[in-house]
Amino acid sequence: MTIETQNTRDTSRCRITSVCGFSFCSRCGGNDYDDRPFACVDLTTMKGSEAMATPKTKTATTAAKKAEPPPQMQREDRRIVADKIADVYDDTGYIAPWTDELVAQDLGVPRAWIAEMRDFMFGPANENPELAANRRLFSEWSAAYENLRSDLAAHAEMSKQLRNTALDLQRRAEEIGVQQNRIVRECKL
């Protein structure tokens, strides 16, 4: 490479594009995926020799990405959400088994949209009394079930211990029986 071509290469800018969290230069072929050095220069940041000396890392490129904000509700979205809430909400609250979460899952929209429209149309969330009673019963049943499982595990452990003790006693009884037979035979002689 001659000095003239090297100088023109050093003064040209990299055309860096970011794809899937990695940076690629279409001019010099440099990238941070397989650590090929960036040979051309980005005049805004550094010179060519510095570009070659400082490889980019995967974490630096992925950390720069920002989370996208949730989409804004459009007029058609508001109409669909309002119709669905009107179908599953009465004067006392949601009809069983509906909740904000289930309506959001059913429509495939963020839960915040459902809460916003419900607050606007009906006020704060009133939980269905039947659903609240079912949740209370379920929590009581869950607690009783967990107690049963722990008791069952304790009884299973105790059963193992009792079985091992019974086998030890049976083996000891057989040993005593063998000794008794030997003593009886010796006495008869």
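Keep in mind that what you see is a predicted model, and the values were worked out from it rather than measured.
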Side chain to side chain contact (heavy atoms under 4.5 Å, CB included) against Gln161, all qualifying residues, sequence neighbours excluded
Glu157

Between Trp113 and Val81 the two heavy atoms that sit nearest each other are O-CG1, 4.3 Å

Determine, using the 4.5 Å side-chain heavy-atom cutoff (strictly less than), whether Leu152 and Tyr145 are members of one ILVMFWY cluster.
no

Is the closest side-chain heavy-atom distance between Tyr94 and Leu102 below 4.5 Å?
no

Going by chain and number, the hydrophobic cluster around Ile176 (ILVMFWY, side chain to side chain under 4.5 Å) further includes none

By side chain to side chain contact (heavy atoms under 4.5 Å, CB included) - contacts of Asp90 (at least two apart):
Thr92, Ile95

Contacts of type side chain to side chain donor-acceptor pair (under 3.5 Å), residue Glu146, not counting sequence neighbours:
none

With sequence neighbours left out, the residues meeting ring-ring contact (aromatic ring centres under 6.0 Å, His included) with Phe122 are Tyr89

Any residue meeting side chain to side chain donor-acceptor pair (under 3.5 Å) with Asp106, in chain and number order, not counting sequence neighbours
Lys84

Across all chains, not counting sequence neighbours, the side chain to side chain contact (heavy atoms under 4.5 Å, CB included) partners of Ala115 are Asp100, Arg118

Could you state the interatomic distance from CD1 (Ile114) to CD (Gln105), rounded to the nearest 0.5 Å?
10.5 Å

Output all residues satisfying side chain to side chain donor-acceptor pair (under 3.5 Å) with Arg75, sequence neighbours left out; order by chain, then residue number.
none

Starting at CG of Leu169, measure out to CG of Asn164 and round the result to the nearest 0.5 Å.
11.0 Å

Search all heavy atoms of Arg78 against all heavy atoms of Met73 and return the closest pair with its distance.
CG-SD, 3.5 Å

By side chain to side chain donor-acceptor pair (under 3.5 Å) - contacts of Asp168 (at least two apart)
Arg171

Side chain to side chain contact (heavy atoms under 4.5 Å, CB included) against Ile80, all qualifying residues, sequence neighbours excluded:
Glu76, Leu107

Salt bridge (Lys or Arg N to Asp or Glu O under 4.0 Å) pairs, two or more places apart, involving residues 173-189
Arg172-Glu175, Arg182-Glu186

Across all chains, not counting sequence neighbours, the salt bridge (charged side-chain N to carboxylate O under 4.0 Å, His left out) partners of Arg149 are none

